[in-house]
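Index from 1, following the sequence. Being a predicted model, the structure only gives us computed values, none of them experimental. Quick note: numbers below take in every heavy atom, side chains included, and nothing from hydrogens, waters or symmetry partners. Whatever order the structure lists ligands and atoms in, that order sets their numbers, starting from 1.
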Amino acid sequence: MARYSVYDCTMIELDRHHSDRKGNISVVQNGETIPFDVKRVYYLYDVPGGESRGAHAHKELSQLIIAASGSFRVTLDDGNVKRSFVLNRPYQALYIQPGIWRDVDDFSSGAVCMVLASEKYDAADYIRDYKEFIDYRNNDTPAI
Ligand code: TYD
């Protein structure tokens, strides 16, 4: 595993086509506007106020997280540094590298958290225990 830090996780501006009278459209296209090819899309919605999601890391998975509607906060943690991002624009995507712990909270009413993922679902790719995550970060291959 390459050992990415939270500073390797960035906000990406997606293509946005604006029409004064008809609203906007944003486009994500494999091989062109994003750093990996998307194999899976899922989205969180109807998250009750005050609830949080995430609380895990992925070993290999890369993700782009988009606030398709409303807003929420994503806090990234590489075991040393935490960084929080408020997502509230449908044309921005937070790029999360593998091996980063994430918590998602502060969902607005009607928020839709859309996730574009580099791999199909694999339960074995999750680290759901924070101590195990810290051990994983400390024991793996040298930092890049
Ligand atoms: P999880 O990834 O833990 O959601 P969150 O990080 O938003 O809290 O997934 C919640 C549940 O949904 C878990 O039981 C696994 C299941 N799930 C799938 O079956 N396929 C998927 O692609 C995803 C993302 C989750």
- Task: Identify, for atom 22 (O) of ligand 1, the protein heavy atom at the shortest distance, and state residue, atom and that distance.
- Result: Arg40 NH1, 2.5 Å

- Query: Is it the case that more than 12 heavy atoms not belonging to Tyr45 sit under 6.0 Å from its OH atom?
  - Reply: no

- Query: Polar-atom distance check: Arg53 versus ligand 1, any N or O pair below 3.5 Å?
  - Reply: yes

- Would you kindly specify which portion of Val104 sits under 4.0 Å from ligand 1, judged on non-hydrogen atoms: side chain, backbone, both or neither? neither

- Message: Is it true that, when you exclude Tyr43 itself, more than 12 heavy atoms of the residues, nucleotides or ligands shown sit nearer than 6.0 Å to its OH?
- Response: no

- For atom 2 (O) of ligand 1, which protein heavy atom lies nearest, and how many Å away is it? Tyr126 OH, 2.6 Å

- Nearest protein heavy-atom contact for atom 25 (C) of ligand 1: which residue, which atom, what distance? Tyr121 CE1, 3.9 Å

- Please check atom 11 (C) of ligand 1 for a protein heavy-atom neighbour under 4.0 Å. no

- What residue and atom, counting heavy atoms only, is the protein's closest point to atom 6 (O) of ligand 1, and at what distance? His56 CE1, 2.8 Å

- Task: Could you tell me whether the side chain of Tyr7 reaches within less than 4.5 Å of the side chain of Arg83, counting heavy atoms only?
- Result: yes

- ligand 1 to Leu44, heavy atom cutoff 4.0 Å, flagged ligand atoms 7 (O)

- Message: Would you say the ring centers of Tyr136 and Phe133 fall short of 6.0 Å from each other?
- Response: no

- Task: Using a 4.5 Å cut-off on heavy atoms from C-beta on, say whether the side chain of Val41 contacts that of Val115.
- Result: no

- For ligand 1, is there an N or O atom under 3.5 Å from any N or O atom of Gly54? yes

- Inter-residue atom distance Leu64.CG - Leu94.CG, 0.5 Å rounding: 8.0 Å

- Message: Salt bridge or not between Asp105 and Arg73? Use side-chain N to carboxylate O under 4.0 Å.
- Response: yes

- Query: Does Arg128 approach ligand 1 within less than 4.0 angstrom via side chain, backbone, both or neither, non-hydrogen atoms only?
  - Reply: side chain

